[in-house]
Amino acid sequence: MSLILATHPNTYSGSPLDRVSPRRDDSAWIATQMADPATLWAPVWRARSLMVGVAEGRPEAVFLTTEAAEALRMAGGPWAFLGLRGETAVFAVDVSHAEDPLPLLPEAGFTFTDLRAVRGRLAAEDASVLAHARALMHWRTKHGFCGVCGHTCEPRAAGNVLHCTNPTCDTQHFPRTDPAVIMLVHRGDRALLGHSARFPIANMYSTLAGFVEPGETLEEAVAREVYEESGIRVGRVQYHSSQPWPFPASIMLGFYAEGLSEEIVLHDDELSDARWFTRADILNQESLGFVVPPLDSIAGRLISDWMAAV
Ligand SMILES: [Zn+2]
């Protein structure tokens, strides 16, 4: 099969932010931005993002001005500088410790909603910023203590680094992004898709996926995960695209992999079923009683671009 290129940007990609990372250590500049009335704040509450219009089916991201965000910020959760959107600084602030953050908001009608619940319906650039805020606040709220010595950590670099407060340790901790490979295994006109009981949709079949392990190339991770989950051996592995996946802290690295064998054997407990599907099967998924992932996931994009590559 010839090279299959990504035909669309993945959801959560295309951030409008310039991260201006050298500015993170300029505490005077950061303080000025935090006090600027035009600065925007992306609140995160227990991994949920602030939106409006969710119940009406027209979700939009809400970024609060400095004044509108004041009550949330006074509640004292972690915050971090995300970057500049044009001339405007954008920060994330976590308010997870508030039992009910809604009374701290400037107006009614806003909700804290899981990014996954609104699928690809947010404006693409906003979705990217909310994914960034969610991933960074997840790291900040889960890494309050040093993994080396157990002392408390304090934020540096405008919330983008955590520094151990134990002077004999002095370790710096950086935000974690865990790489996961996700791959469509193809053999002629058929694609290997699997079903897991953990999938949010009961009859969904998707591409196989798994975390990269230490000491492994991405290609080796693809081959290992496919064999462990399905018993299929793969040959040539070809890169497609990547997708930030802050659920809670991954980046999905998408590939096509050439299937060298046919017999499916479920070696581990990851999948409850795996099958080969033809393009015609996938076109007729409704009548055949299964669905493939929606296009806001890289799995959906891998399948869609493979379908078109004939
Ligand atoms: Zn330490």
Less than 4.0 Å between a side-chain N and a carboxylate O, is that true for R73 and E67?
no

Is there a side-chain contact between S241 and I298, using heavy atoms and a 4.5 Å cut-off?
yes

Backbone N or O of L253 within a donor-acceptor pair of the Q243 side chain at under 3.5 Å?
no

According to side-chain contact (heavy atoms from CB on, under 4.5 Å), who are the partners of S206, at least two apart in sequence or on a separate chain?
F199, M204, P293, A299

I'd like to know if the side chain of T207 reaches the main chain of I182, judged simply by a donor and an acceptor atom lying under 3.5 Å from each other, with no hydrogens or angles considered.
no

Nearest 0.5 Å, please: how far is OG in S304 from NE2 in H8?
7.0 Å

For the rings on Y205 and H195, is their centre-to-centre separation under 6.0 Å?
yes

Under 3.5 Å, side chain of H138 to main-chain N/O of R134, donor-acceptor pair present?
no

Quick one: closest heavy-atom pair of A133 and A42, and the distance?
CB-CB, 4.2 Å

Could you tell me whether a side-chain N or O of H132 sits under 3.5 Å from a main-chain N or O of L17, the two making a donor and an acceptor?
no

Are the side chain of R279 and the backbone of W306 linked by a donor-acceptor contact shorter than 3.5 Å?
yes

Report, as yes or no, whether the 6.0 Å neighbourhood of atom CZ on R116 holds more than 12 heavy atoms from other residues, nucleotides or ligands.
yes

Should L271 and L192 be counted in the same cluster of Ile, Leu, Val, Met, Phe, Trp and Tyr side chains packed under 4.5 Å apart?
yes

Rounded to the nearest 0.5 Å, how far does CG of N203 lie from CG of D273?
12.0 Å

D296 and R119: CA distance, side-chain angles, deciding distance, salt bridge (Lys or Arg N to Asp or Glu O under 4.0 Å) verdict:
CA-CA 6 Å; D296 68 317; R119 312 253 37 144; 3.1 Å; yes

State whether the number of non-hydrogen atoms from other residues, nucleotides or ligands found under 6.0 Å of R58 atom CZ is greater than 12.
no

Are the side chain of D26 and the backbone N or O of W29 linked by a donor-acceptor pair below 3.5 Å?
yes

Tightest non-hydrogen contact, residues A274 and I264, listed as O-CD1, 3.4 Å

D269, CG: over 12 other non-hydrogen atoms inside 6.0 angstrom:
no

Member of H173, Q172, R156 meeting the side-chain hydrogen bond (donor to acceptor under 3.5 Å, both in side chains) criterion with H163:
R156

Beyond-backbone contact of T152 with F145, side-chain heavy atoms, under 4.5 angstrom:
yes

Between F247 and Y12, ring centroids under 6.0 Å:
yes

F63 side chain reached by L50 side chain, heavy atoms, under 4.5 Å:
no

Check the surroundings of atom CD in E56: do more than 12 heavy atoms from other residues, nucleotides or ligands lie under 6.0 Å from it?
yes

Taking it one step at a time, do R187 and E258 satisfy salt bridge (Lys or Arg N to Asp or Glu O under 4.0 Å)?
CA-CA 6 Å; R187 186 165 168 80; E258 180 187 13; over 6 Å; no

Pairwise side-chain contact, L193 with I303, heavy-atom cut-off 4.5 Å (strictly under):
yes

Do V212 and V181 pass the side-chain contact (heavy atoms from CB on, under 4.5 Å) test, and can you show the C-alpha distance, the side-chain angles, and the key distance before you say yes or no?
CA-CA 7 Å; V212 180; V181 288; 3.9 Å; yes

Counting distance only, does the side-chain N/O of N160 pair as donor-acceptor with the main-chain N or O of A158 below 3.5 Å?
yes

In the structure I gave you, are the side-chain heavy atoms of M34 and T39 within less than 4.5 Å of one another anywhere?
no

Please assess L82 against R19 for the test side-chain contact (heavy atoms from CB on, under 4.5 Å), listing each intermediate value before the final yes or no.
CA-CA 6 Å; L82 301 181; R19 297 189 183 218; over 6 Å; no

Does a sphere of radius 6.0 Å around CD in E60 hold more than 12 heavy atoms from other residues, nucleotides or ligands, not counting ones at 6.0 Å or beyond?
no

Before you tell me yes or no, could you show the steps for E229 and L266 under side-chain contact (heavy atoms from CB on, under 4.5 Å), namely the whole-Å CA-CA distance, both residues' side-chain angles and the distance that decides it to 0.1 Å?
CA-CA 5 Å; E229 294 187 9; L266 305 180; over 6 Å; no

Euclidean distance, R23 CZ relative to S21 OG, rounded to 0.5 Å
11.5 Å

Walk me through whether H240 and Y256 qualify under ring-ring contact (aromatic ring centres under 6.0 Å, His included).
CA-CA 7 Å; H240 174 266; Y256 292 106; 5.5 Å; yes

Quick one: does D178's side chain have a donor or acceptor within less than 3.5 Å of a partner on F211's backbone?
no

Report yes if some heavy atom in the side chain of V44 is under 4.5 Å from a heavy atom in the side chain of V95; otherwise report no.
no

Among the clusters formed by ILVMFWY side chains lying less than 4.5 Å apart, do I4 and L208 turn up in the same one?
no

What's the separation between atom CH2 in W245 and atom CG in N10, rounded to the nearest 0.5 Å?
9.5 Å

Which heavy atom in Y239 sits nearest to a heavy atom in F255, and how many Å separate them?
CA-CD2, 3.6 Å

Does W79 use its side chain to pair, donor to acceptor, with the backbone of D94 at less than 3.5 Å?
no

D170 side, atom CG; H151 side, atom NE2 - distance, nearest 0.5 Å:
12.0 Å

Flag yes if V129 and W41 sit in one hydrophobic cluster, no otherwise; membership is Ile, Leu, Val, Met, Phe, Trp, Tyr, and two members link when side-chain heavy atoms are under 4.5 Å apart.
no

Between the main-chain N or O of V222 and the side-chain N or O of E225, is there a donor-acceptor pair closer than 3.5 Å?
no

Ion pair present between E220 and R224, side-chain N to carboxylate O less than 4.0 angstrom?
no

Close side-chain approach of C146 and C169, heavy atoms under 4.5 Å:
yes

Between D189 and T278, does any side-chain donor sit less than 3.5 Å from a side-chain acceptor?
no

Between H267 and Y227, does the ring centre distance come in under 6.0 Å?
yes

Please name the pair of heavy atoms, one in S250 and one in T177, separated by the smallest distance, quoted to 0.1 Å.
C-CG2, 3.9 Å

Mind checking the CZ-CE spacing from F112 to M51? Nearest 0.5 Å is all I need.
10.5 Å

With clusters defined by side-chain heavy atoms of hydrophobic residues (ILVMFWY) lying less than 4.5 Å apart, directly or transitively, does V118 cluster with L130?
yes

Closest approach of L136 to P175 (non-hydrogen atoms, all atoms of both residues):
CD1-CG, 3.8 Å

Would you name the heavy atoms of C153 and L162 that are closest together and state the gap between them?
CB-CB, 4.0 Å

Do the non-hydrogen side-chain atoms of D281 and L283 ever get within less than 4.5 Å of each other?
no

Any luck finding a side-chain donor-acceptor pair between T141 and S96 under 3.5 Å?
no

Verify same cluster id: V52, L102 (apolar side-chain graph, 4.5 Å):
yes

Are R85 and D126 ion-paired here, with the side-chain N under 4.0 Å from a carboxylate O?
yes

